[in-house]
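We use all heavy atoms of the structure for the numbers below, so side chains are in, but hydrogens, waters and symmetry mates are not.
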Amino acid sequence: MQRHMLVLLSLLMLVAPLSASAQQDRPFVMEHTFWVRPGKTSQFIALFKKNKLPALQAEKAKGRILWIRMTQPRTSAGNEQWDFRVTVGWRDVQSAWDHDELTRSTNGNARDARLSIEDTLSEELIVERTDVLVQESAE
C-alpha cells in the first residue's frame, strides 16, 4: 500500500503543472501491469476479480472511473512477457487520490481480514508489477 501512495504522490507532482482546465478535460489514466509466478496467472486474476474489481466497479458507478480495461496476452512471448494488465481511466487526479485513501483505511471487520489475507496471497503471486501514468491519444 505504501508503494501505491508513493506512485500517486510522484504522479501528482507530474500533473501538477497542468492548468486546472487541462486536468478537468483529460482523464487520469493508470496502467497496472503484473508479471505473475508461472502457472499462477488464473489464480491471480480470480483473486483480482473477486477482491479488487468490485471496488473499481463501485468507483465507476459513482462516476469517478470512466473505464476499466483488463487484458492478457493471447500468446506467450517468453518469461519477460507480462501476464495481466489493468488500465483504469479515472475522471481526474482527485478521484484516483480519494480511492487510494479509501483503500488504505480499513474498518477491521471480518470481511477486511479476509481481504487482507487474500491481498497478501495476491501479492505473493506477483513477481513484478509496474504502475504507470499513461497518456492515451485520440485517433
Working note: Val88 + Glu59, criterion side chain to side chain contact (heavy atoms under 4.5 Å, CB included); need CA distance, chi angles, decisive distance, verdict. CA-CA 11 Å; Val88 181; Glu59 294 292 334; over 6 Å; no
Between Glu31 and Val134, which heavy-atom pair has the shortest distance, and what is it? CB-CG1, 3.9 Å
How close do Arg129 and Trp35 get, heavy atom to heavy atom, and via which atoms? N-CE3, 4.2 Å
Dump the intermediate steps for side chain to side chain contact (heavy atoms under 4.5 Å, CB included) on Leu53 and Met70, then the final yes or no. CA-CA 10 Å; Leu53 187 57; Met70 295 181 289; 3.7 Å; yes
Hey, mind stepping through Leu125 and Phe48 against side chain to side chain contact (heavy atoms under 4.5 Å, CB included) and telling me if it holds? CA-CA 11 Å; Leu125 296 176; Phe48 181 89; over 6 Å; no
Side-chain (Arg37) to main-chain (Glu124) donor-acceptor, under 3.5 angstrom: yes
Indicate the ring-plane relationship of Phe44 and Phe34, choosing parallel, tilted or perpendicular according to the 30° and 60° boundaries. tilted
Begin with the C-alpha distance, continue with both residues' side-chain angles, and end with the deciding distance and a verdict on side chain to side chain contact (heavy atoms under 4.5 Å, CB included) for Ile65 and Leu56. CA-CA 8 Å; Ile65 289 179; Leu56 294 174; 3.8 Å; yes
Are Val86 and Lys52 side-chain neighbours, meaning at least one heavy-atom pair lies under 4.5 Å? no
If we ignore angles and hydrogens, is there a donor and acceptor under 3.5 Å between the side chains of Asp92 and Ser95? yes
Interatomic spacing from CZ in Phe84 to OG1 in Thr33 - rounded to 0.5 Å: 10.5 Å
Nearest-0.5 Å distance that lies between atom CD in Glu128 and atom CH2 in Trp82: 13.5 Å
Would the distance check show the side chain of Asp83 and the main-chain N or O of Val36 forming a donor-acceptor pair, the cut-off being under 3.5 Å? yes
If I take atom NZ from residue Lys40 and atom CD1 from residue Ile126, how far apart are they, to the nearest 0.5 angstrom? 14.0 Å
Say you draw a straight line from CZ of Phe28 to CH2 of Trp97; how long is it, rounded to the nearest 0.5 Å? 10.5 Å
May I ask you to test the His32-Thr130 pair for a side-chain heavy-atom distance under 4.5 Å? no
